[in-house]
Amino acid sequence: MNWEKVWLNEVSEVSAGQSAPKDPCFTINDGLPFIRAGHLLELTNGKDLSELPTINEVNAKACRLKILKKGSVIFAKSGMSATLNRIYKLEEDSFYVSHLASVTPNLNFLDSAYCSYFLFYFNPSQLIKDSAYPSIGLSDISKIEIPLPPLPIQKQIAEILDKTDVLRKKDLALLKHYDALAQSLFIDMFGDPVRNEKGWNNEELKKLCLKITDGTHFSPPNHLSGRPYITAKHVRKNLVDFYSNPTFISEEDHLGIYSRCNPKKDDVLYIKDGATTGVAAVNNYEFEFSMLSSLALIKPNLQLINEQYLCYWLNNEYVKENYIRNYMAGAAIRRFTLAKINKFKILAPPIALQNQFAVQIKNIELQKEKVKAQIKASENLFQALLQKMFR
DNA sequence: CCTCGCCCCTGATGCACTAT
DNA sequence: ATAGTGCATCAGGGGCGAGG
């Protein structure tokens, strides 16, 4: 279908946010949401606008913040990869700041859902100027050519795309639900880890493990291929994710490192250095790899402790608050030492019960994999539809 | 007054040195 | 040789001021 194309600024108001002072006097549940570029990622990942900080009109005026009407579409105007090509349609009036561009459709000509889907298809980040400071000019945004079918047809197109998008959003919510389920399963089976009302044995981690050590302290040079090299950035809560940002070292370096620190499948990796300290994940990879010293390697004694149980224990917020935080060195620098990890106190329920927990966790993981596959499928469908509608 | 371009800061990461 | 620690580096979001 070849609809007439118009410039975006003929059917909408194109604008950008003001810069905001450092501390724009936020208020809780009073006033309108306040959106920064950094929030885009969260919003497009399913976070609700109502979960954002708010600011009331008086403070907003003092900060000279711009207000944006419901139905406007926002995206990042400068910055790098993460927030670019994140298109978000506002469901209520909000304040927003610099580094965000906004498109407020004139509803007599342009449907706002249609507009937001078109911008997603168009991908404004292609307008980035080739410079050391990637940014998009308002004039370039204004001159984006948007196909303009009659309003009823715009609405129809948006509705079709909505339907696939709703599926994707539901699946995203389902993923979150499974994570919550796993957490509550832990509490259900083992009780409150702090009160320990079931009276489990309280043991030092050292006594429950075969080996506790860390990765290499002599950072080897990176290579384009070779042996996988896993560092803190690969470890997320309950997940080791090597492939999203793979790094490699030479076979020779690997052998030197591996002779001391030999991670195997089902060992627990634990971040012990830096801002993300205190995140644990079970190693799911069959392949052999080397680690950096920002990670601890914990090999559980399977007669005494199950690796999934250990991982959920280490990641549990109450546990962190009440047990692990006591072991942290100074408040400023987040870091555990091996000596302290060895001395962590950990409740050790009967191993049979722990194993039962692990089986349930694996079932939940299996469900999550299915949902992830569904998400992938609906994303593909969504992309295909986008191409079909706008090409 | 609004935009654009230019740094500036902060948090994340991990290198490299020191201590045992 | 292994473990502990300080801090360099880097990415990228955010603030600011010159210029239109």
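Order of the sequence lines fixes the chain letters, A, B, ..., with proteins taken first and strands second; residue numbering starts at 1 for each chain. What you see is a predicted model, and the numbers here were worked out from it, not measured in a lab.
Within the nucleic acid shown, Lys272(A) has no heavy atom closer than 4.0 Å to any nucleic acid atom. Within 4.0 Å (heavy atoms only), Ser139(A) reaches sugar-phosphate atoms of the nucleic acid but no base atom.
For Glu369(A), the salt bridge (charged side-chain N to carboxylate O under 4.0 Å, His left out) criterion is met by Lys372(A), not counting sequence neighbours. For Asp214(A), the salt bridge (charged side-chain N to carboxylate O under 4.0 Å, His left out) partners are Arg260(A), Lys272(A), not counting sequence neighbours. Checked against salt bridge (charged side-chain N to carboxylate O under 4.0 Å, His left out), Glu251(A) has the following partners two or more places apart in sequence or in another chain: Arg227(A).
Defined by atom type and a distance below 3.5 Å, a donor-acceptor pair is missing between the side-chain atoms of Asn283(A) and Asp266(A).
Residues Asp214(A) and Ser98(A) each lie close to DNA chain C; by heavy-atom proximity, the contact nearer the 5' end of the strand is made by Asp214(A).
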Polar atom pairs between nucleotides 17-20 of chain B and protein, under 3.5 Å, N or O only, would you list them?
none

Could I get a table of every N or O pair under 3.5 Å where one atom is in the protein and the other is in nucleotides 12-14 of chain B?
unit_1: dT13(B); atom_1: OP2; unit_2: Thr276(A); atom_2: OG1; d: 3.4
unit_1: dG14(B); atom_1: OP1; unit_2: Thr231(A); atom_2: OG1; d: 3.0
unit_1: dG14(B); atom_1: OP1; unit_2: Lys233(A); atom_2: NZ; d: 2.4
unit_1: dG14(B); atom_1: OP2; unit_2: Thr231(A); atom_2: OG1; d: 2.8

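For the OP1/OP2 pair of dC4(B) and a distance below 4.0 Å, the side-chain nitrogens and oxygens of Lys77(A) include at least one atom meeting the criterion. Between Thr213(A) and dA3(C) there is a side-chain N or O to OP1 or OP2 distance below 4.0 Å.
Residue pairs meeting the salt bridge (charged side-chain N to carboxylate O under 4.0 Å, His left out) criterion with at least one member in residues 291-314 of chain A, sequence neighbours excluded: Asp267(A)-Lys299(A).
Shortest non-hydrogen contact noted between Gln308(A) and Phe357(A) is O-CE2, 4.1 Å. Here the closest non-hydrogen pair linking Leu148(A) and Phe109(A) is CD1-O, 3.7 Å.
Look at Glu145(A) and Lys143(A) and you find no salt bridge, because none of the NZ, NE, NH1 or NH2 atoms lies under 4.0 Å from a carboxylate O.
Between the base of dG13(C) and the side chain of His99(A) there is no donor-acceptor pair shorter than 3.5 Å.
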